[in-house]
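Owing to the predicted nature of the structure, the values given are computational and were not obtained by experimental measurement. Just so it is clear: chains get the letters A, B, ... in the order the sequence lines come, proteins before strands, and each one is counted from 1.
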Amino acid sequence: MPELPEVQTVVDTLAPLAVGRQILRALHVRNDMLKPGGIDLFSLLKDRSVAAIQRRAKRIVFTLDDRARFYIHLGMTGQLTLDSHDTPIKTHTHLILQLEGGRQIRFVDPRRFGAIVWMGLDEHTHVGPEPLALRPDRLGRLLAKTSRAIKTALLDQTLIAGIGNIYADEALFIAGVRPTARACELKPDDILRLNRAIKLVLRRAIRAGGSSIRDYVDANGARGSFQERHRVYGREGKPCANCKTPIQRIVLGGRSTHFCPTCQAG
DNA sequence: CATTTCACCTGGTGGC
DNA sequence: TGCCACCAGGTGAAAT
């Protein structure tokens, strides 16, 4: 579910109310959601406070006052919310951080594709550059390295961080690039338009609070609205906003892929 | 190596 | 109503 705009929105809504607070205790820890396995999160968090909450790629990174870090990945169905201690606990709640002041950070994830990853003082495992700070020459060099379909390349987090299935399709539509085009065969002008389209769609989605297809909510439980402005994602058979041609759906790399056969000629 | 496929999970939806 | 097949924002391991 959550791609860069959704993760950014969670961070933006969580940080103001959680940063600077002490973690009184960790409750409800589901151990098979922890990586590496077997770590004692309770001890690691004991007497610590939250120094920072930031986004890197699709990760929500908590920095503690001892500089150690951990991150939460929301997978497909994860929610990270700030709730009052007396709010009923949902099923599939895998972590509760009791903060001073009576509020709790809660991690809910029915499908359990997400994770709680302890980093300690280590650096992030390798992920590509942030797309909002990416210049076209760098994007061009990254894409020149692979013969995969451009859509598949955009989903590769080691190439570019944070883009998922929705925003890959939406960016390719805005850029007028067919998802099946080989990444290494894009022309300089395609790269330029794609780079602009990626930034444009991500910024617009962040401003809209992300896309809520089904599960996604921000830290206050509020849904985003960008799903109302999707041009191709989830719109199979509906008329293209530009040319009325029915939006086509294919499967690429095992993922649903939506595009306009007319506007995205190549 | 690079690339592709598939398994990991739960739950909602739509067809019969 | 019930059952079942299919689908879903992600990712990493296994297969090719």
Check your understanding: Is there a stack between A:Phe113 and C:dT11, judged by ring centres under 5.5 Å and planes under 30°?
Key -> no
Using a 4.0 Å heavy-atom cut-off across all strands, classify [X] as base, sugar-phosphate, or nothing.
X	result
A:Ser256	sugar-phosphate
A:Tyr233	sugar-phosphate
A:Gly254	nothing

Regarding [X] and [Y], is there a side-chain donor-to-acceptor distance under 3.5 Å anywhere?
X	Y	result
A:His258	A:Asp169	yes
A:Ser256	A:Arg249	yes
A:Arg59	A:His124	yes

Between [N] atom [atom2] and [X] atom [atom1], what is the distance in whole Å?
X	N	atom1	atom2	result
A:His126	C:dT11	NE2	P	14 Å
A:Asp109	B:dC9	CG	C1'	9 Å
A:Asn165	C:dT11	CG	C1'	13 Å
A:Glu6	C:dG10	CD	C1'	13 Å
A:Arg214	C:dA8	CZ	C1'	6 Å
A:Asp215	B:dG11	CG	C1'	9 Å
A:His92	B:dG11	NE2	C1'	8 Å
A:Arg30	B:dT10	CZ	P	8 Å

Practice item. Ignoring backbone atoms, test whether A:His73 places a side-chain nitrogen or oxygen under 4.0 Å from the OP1 or OP2 oxygen of C:dG10. Key: no
Practice item. Please check the phosphate of C:dG10 (OP1 and OP2 only) for any side-chain N or O of A:Gln157 closer than 4.0 Å. Key: no
Exercise for review: With sequence neighbours excluded, tell me which residues meet side-chain hydrogen bond (donor to acceptor under 3.5 Å, both in side chains) with A:Asp218.
Suggested key: none
Review point. With the threshold set at 4.0 Å, does a side-chain nitrogen-carboxylate oxygen contact exist between A:Glu130 and A:Arg55?
Key: yes
Review point. Has the side chain of A:Thr87 got a donor or acceptor atom that lies under 3.5 Å from a matching backbone atom of A:Asp83?
Key: no
Revision key, fill the gap. C:dA13 -> Watson-Crick or G-U wobble partner, both distances under 3.5 Å, gives B:dT5
Check your understanding: Which value, rounded to the nearest 0.5 Å, describes the distance between A:Leu45 atom CG and A:Ile23 atom CD1?
Key -> 4.5 Å
**Study point:** Under 3.5 Å donor-acceptor pair, A:Arg111 side-chain atoms to B:dC9 base atoms
**Key:** yes
Enumerate the protein-to-nucleotides 1-3 of chain B contacts in which both atoms are nitrogen or oxygen and the separation is below 3.5 Å.
| from | atom 1 | to | atom 2 | distance (Å) |
| --- | --- | --- | --- | --- |
| B:dT3 | OP1 | A:Ser147 | N | 3.0 |
| B:dT3 | OP1 | A:Ser147 | OG | 2.7 |
| B:dT3 | OP2 | A:Thr146 | OG1 | 3.1 |

Exercise for review: Could you give the distance separating C:dA14 and B:dC9 at their P atoms, to the nearest angstrom?
Suggested key: 14 Å
Revision key, fill the gap. With the side chain defined as heavy atoms from C-beta on, A:Arg249 is closest, among B:dT10, C:dT11, C:dC7, to C:dC7
Review point. Is there side-chain contact between A:Leu192 and A:Leu139, with heavy atoms separated by less than 4.5 Å?
Key: no
